[in-house]
Amino acid sequence: MKYYRAKVTVRKTETVADPEGKTISEALSRLGYQNIKSVRSGKVFFLELEAEDKAAAETLLETVSRDILSNPIIEKFAFEIEEI
Amino acid sequence: MRAAVIVFPGSNCDRDTYWAVEHALGESAEFVWHRDTSLSGFDLVILPGGFSYGDYLRTGAFASFSPVTKAIKSFAENGGLVLGICNGFQVLLECGLLPGAMIPNDHLRFICSDVLIRTERTDTPFSNEAETGQVLRIPVAHFEGNYFADKTVLDRIEANNQVLFRYSDSNGNVSAETNPNGSANNIAGLINERGNVVGMMPHPERASEEVLGSTDGMVIFKSILRYVEEKAVSNV
């Protein structure tokens with residue numbers, strides 16, 4: 001078995017309102033950071049896992065991200081993975 | 001009538017709900033712990049408000065994985081009545097018994113106040129005691145009550161008449177001004193297609209006695225009782 005470290009990012013899909021991101025975006029603009037054009041908020045999860053190989057680790061992460069860590073009705077996810 | 005009040009770690013309206021059924025309505029209520037796996041013998045299952053499992057990950061997310069939720073799903077599949085209030089509604093959305101999802105209120109503030117909701121249907125087990133279009137005064141208390149569903153799902157919900165309550169004014173007018181949290185189509189409460197599962201953000205148990213300032217929530221509890229009693233008679 002190999003060990004992997006993963007980072008899963010979950011954020012609202014574009015069609016879903018993100019009041020937190022909008023509030024941060026407006027605050028940045030008010031504070032003079034005019035070059036920040038948009039902000040979307042999200043969550044990040046750091047996982048450690050074991051799997052036969054990278055493909056198996058990705059399959060496991062895909063399942064966990066889709067079924068548990070995100071709600072596909074309002075959110076999308078992405079992950080990065082590295083062997084440790 | 002026998003009602004189960006589900007208790008998740010972090011539920012905090014379980015006792016109020018128990019009180020509404022047991023004392024305001026005068027029927028039998030029992031607490032059912034989240035690790036329990038049987039709901040046999042109950043006419044009604046209520047998922048109360050609160051912050052189940054600390055609302056970690058997403059509101060209602062962990063509750064939707066808990067052992068009792070499997071029992072709630074089969075109870076609903078067998079036609080049992082299920083009422084999710086506030087966090088209970090969020091749990092029903094997370095576990096797929098009702099369509100859509102909740103996101104934070106559009107103004108990012110926790111709301112704790114009375115709202116007015118228009119009853120959209122009087123032909124359900126949860127609203128048969130209401131007048132057509134009756135406006136009820138019932139409190140809400142939530143941060144994530146902003147109902148979301150994509151257009152396809154919203155269109156289906158509307159086509160099937162699955163909206164049970166909409167945020168309105170005292171005359172029953174529904175508009176952006178009467179929407180306290182940004183919910184799509186002013187949705188405050190939904191019913192499933194089969195008509196036996198309801199989720200609502202307002203707390204009927206907090207409007208169940210005169211001393212609380214409103215008894216409008218009793219319309220819902222009395223409707224359920226009437227349905228259960230009439231069904232019992234027709235089964236004899």
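So that the names make sense, note that chain A is the first sequence line, chain B the second, and so on, each numbered from 1.
What you find for A:V16 and B:F148 is that their closest heavy atoms are CG2-CZ, 3.4 Å. Residues A:P19 and B:P104 come closest through the heavy atom pair CG-O, 3.9 Å. Across all their heavy atoms, B:A101 and A:N71 have their closest contact at CB-ND2, 3.8 Å.
In this structure, the separation between CG on A:D18 and CD1 on B:I103 is 8.5 Å, given to the nearest 0.5 Å. In this structure, the separation between OG1 on A:T15 and NZ on B:K151 is 13.0 Å, given to the nearest 0.5 Å.
Residue-environment remark: NZ (A:K54) stays at or below the threshold of 12 foreign heavy atoms within 6.0 Å. Annotation: B:F110, atom CZ; neighbour count of heavy atoms from other residues, nucleotides and ligands within 6.0 Å is above 12. Atom CD of A:E20 has 12 or fewer heavy atoms from other residues, nucleotides or ligands within 6.0 Å. Heavy-atom neighbours of B:R137 CZ from other residues, nucleotides or ligands within 6.0 Å: at or below the threshold of 12. When the shell of 6.0 Å around CD of A:E52 is examined, it contains 12 or fewer heavy atoms from other residues, nucleotides or ligands. When the shell of 6.0 Å around CZ of B:F51 is examined, it contains 12 or fewer heavy atoms from other residues, nucleotides or ligands. Around atom NZ of A:K22, no more than 12 heavy atoms belonging to other residues, nucleotides or ligands sit under 6.0 Å away. The environment of B:R35 atom CZ is sparse: at most 12 non-hydrogen atoms of other residues, nucleotides or ligands sit within 6.0 angstrom.
Proximity to chain A (any heavy atom under 4.5 Å) is restricted, for B:F65, to the side chain, taken from C-beta onward. With a threshold of 4.5 angstrom between heavy atoms, B:D150 does not approach chain A through any atom at all. For B:N105, the part lying near chain A is the backbone, with the side chain staying farther off; criterion is any non-hydrogen pair under 4.5 Å. In this structure, chain B has a heavy atom under 4.5 Å from the side chain of A:K12, while its backbone stays farther away.
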Verdict with supporting geometry, A:T23 and B:L108, side-chain contact (heavy atoms from CB on, under 4.5 Å): CA-CA 9 Å; A:T23 304; B:L108 285 180; 3.2 Å; yes
side-chain contact (heavy atoms from CB on, under 4.5 Å) between A:I68 and B:L57, worked out: CA-CA 9 Å; A:I68 313 287; B:L57 202 53; 4.0 Å; yes
